[in-house]
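Beneath this line is the structure, given in structure tokens, with notes to follow.
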Amino acid sequence: MHDPRVLLDPATDAVRRLARRGYALDAASLEKLLAQRNAAIHRGDEARAESKRTATSVRTASPDERPALVERARELKTVVADADVEGRALDAQLQDLLLGIPNLPADDVPDGSSDDDAELIRTWPSSSPPEPVTVDFTARDHVELGERLGILDLPRATKLSGPRFAVLRGRGAKLERALARYFLDVAEENGYTEFSVPTLVNRETMTGTGQLPKFEQDLFKTGVADHELFLIPTAEVPLTNLHARETLAVDDLPLAYTAHTPCFRSEAGSYGRDTRGLIRMHEFSKVELVRIVEASTSRQELELLVTHAEAVLRGLGLAYRVVKLAAGDMGFSAQATYDVEVWLPGQQRYREIASASDCSTFQARRAGIRTRASDGTRGFAATLNSSGMPIGRTLVALLEQGQQADGSVRIPPALVPYTGFEALEPA
RNA sequence: GGAAGCGUGGCAGAGCGGCCGAAUGCACUCGCCUUGAAAGCGAGAGCCCUUAACCGGGUCGGGGGUUCGAAUCCCUCCGCUUCCGCCA
């Protein structure tokens, strides 16, 4: 959420910057609303001040003066009440407006609104398409591989829950567990503290990281009686909100947190896209990385964060590239985002596997994650998050990049200590 | 789910409906003292809103009510504790 005064400051250039991501800011109505709200608050405060003075004087007033004072106090009560009601209503309007405004794209973020507009940052290994994984036979995709290997059962998942769910079997299930453990271990080596967190969270928590109020249709929601809870779409939500409404000492920053959780996404509006395989699921498992940092360091922290995401792919020997997303293609809360895209031989193209975002102080303002410097200066933290990898999409890459002509799949050496096997063989 | 109790500043812990933003202790900051430190003495200090700033307002779990006036009385919600039931 934005500070309305900063947003309206001409130096911020908010209208132009928001237009870059396709959001039309009505600065005039915002300014008017803000002024009206402040006027109402001021009016209430003035009346309240007089009311307090009057009430105090009642006690010491002479019996003659007292009735007039009590009468005046009664009048003021309604003035205060009216101003409060108006101020609260206007403030609610202001909050609604502000909660719906996305973060300002950083100036170095490229123009555009699609993934075609992203800026290529680097490719690993440096050749592209990646030489080492360009197979000299017709590459199978992960669905065919997974079924032939007996580790993936999509029809039965559909029977249980519907489309966009997966069942992993045998070494497939074991591979999922191995990947999660490997990711968590790498995260720990990079300084992240592991958490186990709830995957059902309340409305306030979802609002803190920006999923609500605007994107409720993307979330699964539970409701028992009037007890409303949302299933997290990513562990970014609980991890970032751990420090909601807290003040953190700047000396304790940066905080680096990780968690392995299931993630739930309604995928509303993606009908017909990625219907095959494990790419786009209603439920998937992911290790997430979150950093809570001093605000002025957020961009350099993003550079660090994306290398942490890359680290696991390099460790697994999976070819990928990093792109900087265009202004109009970023998530609601981000001011800058790097996507990590892994090479999928089965599709002969790079597909998003991880997304590392710098949310500046945008989420921290919503969630109330404040900082205090040693000299007492107060401010808001910056929050960043990255996948540190999703298990399913990594499995896809592992199968497709690791496949051999005979349909078997090599397990990367780094993962063997976790799996206990070096290859997947057709059943 | 049933019963009882409790929610006050960073922590602990007082608080007759008005003199309470709130005693006291610890912790904290700045002085004095000291070669230095500790102790001692003195002063100060929370957070939020509004404001260019000053002023002003709010804040004793949240919300509502009674009253000229609420930390203090009433209602309600939330959270915590203990006991019972149920349960991974």
Side-chain angles (χ1 to χ4, degrees), chain A residues 1-12 30-99 196-208 222-230 238 241-253 261-262 295 361 364-381:
Chain A
M1 184 163 61
H2 297 286
D3 178 343
R5 285 173 301 188
V6 171
L7 211 54
L8 290 170
D9 186 340
T12 305
L30 175 62
E31 188 160 18
K32 187 177 164 200
L33 186 56
L34 179 66
Q36 286 175 335
R37 179 195 70 144
N38 290 349
I41 289 174
H42 189 67
R43 194 146 34 84
D45 283 354
E46 292 293 307
R48 210 188 319 273
E50 188 184 345
S51 170
K52 277 178 87 164
R53 284 194 300 272
T54 309
T56 310
S57 61
V58 165
R59 193 159 166 266
T60 52
S62 71
D64 292 346
E65 302 169 319
R66 189 167 294 203
L69 287 172
V70 170
E71 182 53 34
R72 176 59 181 155
R74 284 213 173 93
E75 289 169 20
L76 284 168
K77 231 165 95 164
T78 65
V79 177
V80 170
D82 290 350
D84 278 357
V85 167
E86 190 186 340
R88 225 171 300 170
L90 289 166
D91 189 60
Q93 278 183 47
L94 181 66
Q95 295 304 316
D96 282 352
L97 181 58
L98 289 172
L99 284 172
S196 174
V197 290
T199 48
L200 284 167
V201 301
N202 59 32
R203 178 169 286 273
E204 192 178 7
T205 299
M206 280 295 183
T207 305
T222 65
V224 178
D226 56 351
H227 193 187
E228 174 192 70
L229 289 171
F230 297 88
N241 279 288
L242 280 173
H243 293 293
R245 295 177 304 287
E246 292 182 13
T247 299
L248 306 170
V250 167
D251 292 346
D252 293 339
L253 303 181
T261 69
T361 59
R365 285 180 183 281
R366 292 176 159 244
I369 306 170
R370 298 169 185 278
T371 59
R372 178 167 35 227
S374 49
D375 67 359
T377 309
R378 304 180 60 81
F380 287 99

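The chains referred to below are lettered A, B, ... by the order of the sequence lines, with proteins before strands, and numbering in each begins at 1.
Judged by distance alone, the side chain of Asn241(A) and the main-chain N or O of Thr205(A) form a donor-acceptor pair under 3.5 Å. Side chain of Arg366(A) to main chain of Thr207(A): a donor-acceptor pair is present (N/O by atom type, distance under 3.5 Å, no hydrogens or angles).
Judged by Watson-Crick or G-U wobble contacts below 3.5 Å, the nucleotide A27(B) has no partner. For G5(B), the paired base is C80(B) (Watson-Crick or G-U wobble, both distances below 3.5 Å). Of the nucleotides present, none pairs with A37(B) by Watson-Crick or G-U wobble criteria with both distances under 3.5 Å. Using the Watson-Crick or G-U wobble rule with both distances under 3.5 Å, G18(B) pairs with C68(B).
Under the salt bridge (Lys or Arg N to Asp or Glu O under 4.0 Å) criterion, Arg37(A) pairs with Asp91(A), not counting sequence neighbours. By the salt bridge (Lys or Arg N to Asp or Glu O under 4.0 Å) test, Arg203(A) pairs with Glu216(A), Glu228(A), sequence neighbours left out. Under the salt bridge (Lys or Arg N to Asp or Glu O under 4.0 Å) criterion, Glu75(A) pairs with Arg72(A), not counting sequence neighbours. With sequence neighbours excluded, no residue forms a salt bridge (Lys or Arg N to Asp or Glu O under 4.0 Å) with Arg370(A).
G69(B) sits 30 Å from A14(B) when the P atoms are compared, rounded to a whole Å. Atom name C1', nucleotides U67(B) and A52(B): the rounded distance is 40 Å, in whole Å. Nucleotides C6(B) and C87(B) place their P atoms 31 Å apart, quoted to the nearest Å. Atom P of C48(B) sits at a distance of 27 Å from the matching atom of A43(B), rounded to the whole Å. If you take atom P in G18(B) and the same atom in C55(B), they sit 28 Å apart, rounded to whole Å. A gap of 24 Å separates the C1' atoms of U76(B) and U82(B), to the nearest Å. Atom C1' of C19(B) sits at a distance of 27 Å from the matching atom of G7(B), rounded to the whole Å. Rounded to the nearest Å, the gap between the P atom of C78(B) and that of U29(B) is 41 Å.
At the heavy-atom level, Arg43(A) lies nowhere under 4.0 Å from the strands shown. Contact annotation for Lys77(A): base contact, defined as any heavy-atom pair under 4.0 Å involving a base atom. Nucleic acid contact class of Arg37(A) (heavy atoms, under 4.0 Å, all strands): sugar-phosphate only. Using a 4.0 Å heavy-atom cutoff across all strands shown, Arg72(A) reaches no nucleic acid atom at all. Residue-level contact check: Arg372(A) touches the backbone only, with heavy atoms under 4.0 Å from sugar-phosphate atoms and none from bases.
Annotation: of the two residues near RNA chain B, Ala49(A) and Ala55(A), the 5′-most nearest-nucleotide partner is Ala55(A). Judged by closest nucleotide on RNA chain B, Arg88(A) is the one of Ser51(A) and Arg88(A) placed further toward the 5' end.
Chain A approaches RNA chain B over the interval G18(B) to G69(B), counting the first and last nucleotide 5' to 3' with an atom under 4.0 Å from its heavy atoms.
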Tabulate below the donor-acceptor pairs under 3.5 Å that side-chain atoms of residues 244-252 of chain A make, not counting sequence neighbours, or state none.
residue	atom	partner	partner atom	Å
Arg245(A)	NH1	Glu204(A)	OE2	3.1
Glu246(A)	OE1	His243(A)	ND1	2.7
Thr247(A)	OG1	Arg378(A)	NH2	3.3

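Under a 4.0 Å N-O distance rule, the pair Arg48(A)/Asp84(A) qualifies as a salt bridge.
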